[in-house]
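Single-structure report; data block below.
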Amino acid sequence: MSDYQITLHRDEILLANLTVSPARYVEMVALLRERFPQSEGFSLHIQRRRELRRVLEQSPEGLRLLGIVYSHEEVPGHA
């Protein structure tokens with residue numbers, strides 16, 4: 001499973017951190033660029049987040065998810 005981490009900055013100050021599904025990624029980036037233009041000092045930093053592995057615990061009650069380890073890669077051309 002993968003999704004996108006989008007951070008919105010203004011003059012390099014972090015304003016928001018969003019997790020976006022692949023189904024809404026193109027729509028969300030277009031909306032953010034429209035509402036927060038670069039000409040006013042805004043910038044987007046986008047990373048693709050992919051699951052590397054899941055940490056599980058098995059007990060008499062069944063399996064329980066303890067955590068997920070992710071890898072992050074920068075999406076080029078969106079600074």
Side-chain angles (χ1 to χ4, degrees):
M1 180 176 187
S2 68
D3 54 19
Y4 292 88
Q5 293 291 117
I6 301 175
T7 57
L8 174 66
H9 295 81
R10 184 170 195 184
D11 300 324
E12 298 306 316
I13 297 172
L14 177 64
L15 298 177
N17 187 5
L18 307 163
T19 301
V20 179
S21 72
R24 294 283 183 223
Y25 170 72
V26 173
E27 174 187 354
M28 183 61 70
V29 170
L31 179 65
L32 288 169
R33 291 223 181 273
E34 178 185 322
R35 297 205 178 174
F36 303 101
Q38 283 185 321
S39 62
E40 294 182 22
F42 293 100
S43 62
L44 298 178
H45 301 275
I46 302 172
Q47 293 183 324
R48 183 177 294 117
R49 185 174 80 160
R50 297 178 192 264
E51 280 188 22
L52 286 180
R53 68 175 182 260
R54 292 179 177 213
V55 180
L56 303 172
E57 174 184 73
Q58 183 176 350
S59 70
E61 291 83 33
L63 285 177
R64 185 171 74 150
L65 178 64
L66 297 178
I68 301 173
V69 177
Y70 293 99
S71 106
H72 294 82
E73 59 187 48
E74 197 71 27
V75 176
H78 288 284

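Worth saying up front: this structure is predicted, and the values here are computed from it rather than measured.
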Mind checking what makes salt bridge (Lys or Arg N to Asp or Glu O under 4.0 Å) contact with Glu27, not counting sequence neighbours? Arg24
Roughly how far apart are Ser43 OG and Gln38 CD, rounded to 0.5 Å? 7.5 Å
Check whether Ile6 and Val26 end up in the same hydrophobic cluster, where Ile, Leu, Val, Met, Phe, Trp and Tyr are linked by side-chain heavy atoms less than 4.5 Å apart. yes
Does Val55 reach the side chain of Ile68, with side-chain heavy atoms less than 4.5 Å apart? no
Sequence neighbours left out, what passes side-chain contact (heavy atoms from CB on, under 4.5 Å) with Glu40? Give chain and number order. Arg10, Pro37, Phe42
Side chain to side chain donor-acceptor pair (under 3.5 Å) with Ser59: which residues, sequence neighbours excluded? Glu61
Do Leu44 and Thr7 touch side chain to side chain, with heavy atoms closer than 4.5 Å? no
What distance separates Leu8 CG from Arg33 CZ, expressed to the nearest 0.5 Å? 10.0 Å
Distance (rounded to the nearest 0.5 Å) between Ser71 OG and Arg53 CZ: 11.5 Å
Can you name the closest pair of heavy atoms from Asp3 and Pro22 and give their distance? CA-CD, 4.2 Å
Tyr25 side chain reached by Ile46 side chain, heavy atoms, under 4.5 Å: yes
How many angstroms lie between CD in Glu51 and OH in Tyr70, if you round to the nearest 0.5 Å? 5.0 Å
Hits for side-chain contact (heavy atoms from CB on, under 4.5 Å) against Arg64, two or more places apart or cross-chain, chain-then-number order -> Glu57, Leu66
Sequence neighbours excluded, which residues qualify as salt bridge (Lys or Arg N to Asp or Glu O under 4.0 Å) partners of Arg48? Glu73
Ignoring hydrogens and angles, write down the donor-acceptor pairs under 3.5 Å from the side chains of residues 11-20, residues two or more places apart or on other chains.
{"unit_1": "Thr19", "atom_1": "OG1", "unit_2": "Gln5", "atom_2": "OE1", "d": "2.8"}

